[in-house]
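Notes for the one structure printed next.
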Amino acid sequence: MDDLFVRITTRMILPFIQIYGLYVIIHGHLSPGGAFSGGSIFAASIVLYTLAYGLKPGQKRLPHHISSKIETGGILFFILIGLIGVALGYTFLTNQEAGFPMGEIGRVLSAGLIPVVTFALGLKVMSTVVTLFHTMMEEE
Amino acid sequence: MNLNIDLIVNNINYIGAMILFVIGLYTVLTHPNLIKKVIGLNIMETAIFLFFVSIGYVQGAVAPIVNPETGEQMFVNPLPSAMILTGIVVAISITAFALSLIVKIHAAYGTIELDEIMKIRSVELDD
Amino acid sequence: MQILNVFLVIFLIVAAIMVERTKDLLSAVIIFTSYSLMMALLWLLLRAPDVAMTEAAIGAGITTNLFVVVISRTRRTEK
Amino acid sequence: MISYHFPVFILMLLLGFAVVIPLHRKPFGKSFVVKMFSVLGLAFILAFAELLVVIYGEAYSYTFGSYQGGIGIEFLVDEFSALMTLVVITLSILILAYSVKDLEHEIASSKMYSYYTLVFLMLFSIIGMIFTNDIFNLYVFVEALSITSVAIIAIKNKKDTLMASMKYLLMGAIGSVTVLMGFALIYMVTGHLNMSLIFAEINEVWEQYPINILLAMGFILTGFGIKAAIFPLHNWLPDAHSSAPTPSSALLSGLVVKAYVFSIAKMMYRVIGQEITINIGISDYILVFAVLSMVMGSLFALSQTDIKRRLAYSSVAQIGYIFLGLGLGTELGLSAALFHVISHAFMKSALFLSAGSIIYYTGNRNVRKMDGIGYKMPITMAVFTIGVLGMIGIPGTSGFMSKWYLGLAVLDGGHPELLIVILLSSFLNALYYLPVVVSAFLRETPLEMHRSSLPQSMKISMAVVGLGSVVIGFYPSMIMNIIEAAVSTFIGI
Amino acid sequence: MRKIFTFIMLGGLLVVLLSSISELPPMGNGDNPSFNEISEYYIDEGVEDTHAPNLITAIITDYRAFDTLGEATVLFTGIAAVVSLIGITHHSKNKEDEEDDLHG
């Protein structure tokens, strides 16, 4: 797709989509949204970029070797967070009792492990969706 | 069987979910086209999600996001919503895998119609 | 409120039947996208904004993308 | 008490290793194999310790995140789930030991890492399904299992494999969607997702909303029935299990189907409860389908010439045995069914692995062309014979013991006519298995060999699986005691 | 022929399902059995327990966080399965691509 108009429009709205996606992820515990919707909104921006500029530049934005690390890292991070609870003598994935800083209700940095996990998962979802799309686009 | 219009209107979401479920199942079972089958599967899944959301709904309640300023309120049941969030992500994984299988099948057989594939296979078996 | 609900459900059923009937796969996918969006709207009406948002982003957005990519790599019409 | 966390450690070990595998950059080789088996060995030790803890202690529930069951997610660690976990890990160690050499010839070498990733994810979801006491959590694991179990077939990337896996994926997806519908109906009337809490509530609900429970059980049994391949819903199984790579066939027949059967047992006895199951009449329907599976599966198997297809159809018949035990609705029936779950896992794995070795060595899949194979491959045919004798139910094998227990349960449950079906099915088993064995040892004929030798690792792992089957046959009480302890808690919760 | 058979079968299923509607708990009623102590607990104690006003997020990342781990695993499984089937092609970096990168 070598349409100049599409490319310019894409460049213009791309940052807005990404900021919105990040907002949805970060404010997941305060307002509607969360890791999965935010992550896929963020992924949509890169998908849009790929559609406008072609597969190769799109893959440059998120190469396979980075995305595979993000996916592995997301789950490993989740497991480690969960094991903190075990290490402190509680059960797997304990939040408040394990002493995560809970903060003040209604602030972004509150609710212990929730925003941390949401952020990691959001990144993971983003990378998974983009990789799915790129893998499907590839010609053998 | 007397049609009770109140019953239908009040439970319209359950009825809709069941009809959609059956339409999706019909699409999966009868269409020879594999992409159509996958779409049918998605229809079935969304139908069940609609069913779940309707279970959690309460008339006159608000979304389960607590706002300390407005005080006591009635909330819809948050548990079904949380389950569907999981369900939607599961659905996309299945869809993506099915679509990649379809791409591979198209590369191998040159078609994605089930009956044509069966024909090709029976010819191959005869050889 | 309830009228809108009934109307949306009827729309969903009609869309689902149209998806089943349409021979052109690309049109079927587009109708399915509108089906997903209407479903998201209905869930918003049923006070499940999180689910509606996720469905709009994943169900309507990403799923459609994947379908369109696969259709462009295979055949467009159903026999 | 660190032992309290063992189920989570096993799961996280498998999951953590699975997600790390794709990061390996070096070509597939010895160092990875060593790593993989040390992880599996650690999992085995944990599972064994877990079993000891549960046997010498008592069954307990593990709740996540300091919330009581019902609000959070709960694992129920009882004797049988600990035993089943141990069996799953033991068999997978043996099958994976077999797979290292075998897969080199079945899938592309660039896909080896992907294959093991998928296998570890599969083990994770099977063990999760075994432990979980929460129906929605069960659904999540079921979906993970249905993707991985299709993927380890499709990875072979042959024409017929692709079609078989597409069929399996679609049927499996319909199955899991149907199961979810059933769960939705159960949640609708009970408001709980925790199995024990649903069970506590269900008697009251049953009086108020009988239709709901009936529909829910219909959906759930149909859904899991598709995945467990009971007779009218089995048509994906022969294609999928026979065209898969050999280790995948063994894993699918030995473990995956069993995980679904165990889920059905949980739904019937732990969620709905024995009483309502009998009241609704579910047990009668299950008995009918079980009998149909036993007879029709064997009849279909009789007409197959491809050895792996014959084994796959025989799986349908064997699933029928398990359902027969479940459908009786008695404690004896349940324990016979659970015993057969374990004994069939060993026997079918032994059969698939030895059949795979025959195909590996001779390149021949046709059962009519196996004259004299026994002289060329004595170990393989010995293992195959053990499996066959077990399937027929010759005394001294695990298969005989499970038929013995099943027979006792049938008599105890007041259905003596079903004894005839068991005997008939055994007779049919003999009819389609014995000729293979007999012709293999009948005369020594010069055979054309596809490859020069069978790798040691394949021989050893196969022999150990066969040996395991014999050991269960000679010491059935070892397993039966554990099952009986579990069954009483299972039914009485 | 098969289509008609399926149509009749599914029509029968639909009739069974629809005729059971009046036996199900009615929609939108606050007295339904699904609004029991569990959902009340989430609504009453959710903010206190997790400090997250959005109760749905509170459930998926705290109360039922293990489900979410399973869900992330399913997503991982999906991508692993797709990659195992289609495979990844690594693009070698050459000059032309890097130029493209600067523009993009």
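The shown structure was predicted, so the numbers you read here are calculated from the model rather than taken from an experiment. So you know, we letter chains A, B, ... as the sequences are listed, proteins then strands, and number each from 1.
Surrounding OH of Tyr20(A) are at most 12 heavy atoms belonging to other residues, nucleotides or ligands under 6.0 Å away. Applying the 6.0 Å contact sphere to CZ of Phe119(A) captures no more than 12 heavy atoms from other residues, nucleotides or ligands.
Heavy-atom neighbours of chain E within the stretch residues 67-75 of chain A, taken at a separation under 4.5 angstrom, comprise Glu71(A), Thr72(A), Ile75(A).
Looking only at distances, a side-chain donor or acceptor of Thr57(E) sits under 3.5 Å from a matching main-chain atom of Gly28(A).
Both the backbone and the side chain of Leu69(E) have a heavy atom closer than 4.5 Å to some heavy atom of chain A.
Here the closest non-hydrogen pair linking Val125(A) and Leu75(E) is CG2-CD2, 3.8 Å. When all heavy atoms of Ala72(E) and Leu121(A) are compared, the pair lying nearest together is CB-CD2, 3.7 Å. Heavy-atom minimum distance, His29(A) versus Pro53(E): O-CD, 3.1 Å.
Distance CD1/Ile81(A) to OG1/Thr61(E): 11.5 Å, rounded to 0.5 Å. Rounded to the nearest 0.5 angstrom, Ile86(E) CD1 and Thr135(A) OG1 are separated by 6.5 Å.
Tyr23(A) pairs by the ring-ring contact (aromatic ring centres under 6.0 Å, His included) definition with His27(A), not counting sequence neighbours.
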Q.
Working note: Thr68(E) + Phe36(A), criterion side chain to side chain contact (heavy atoms under 4.5 Å, CB included); need CA distance, chi angles, decisive distance, verdict.
A. CA-CA 10 Å; Thr68(E) 310; Phe36(A) 296 98; 4.1 Å; yes
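The residue among Ile79(A), Leu132(A), Val117(A) with the most heavy atom pairs within less than 4.5 Å of chain E is Leu132(A).
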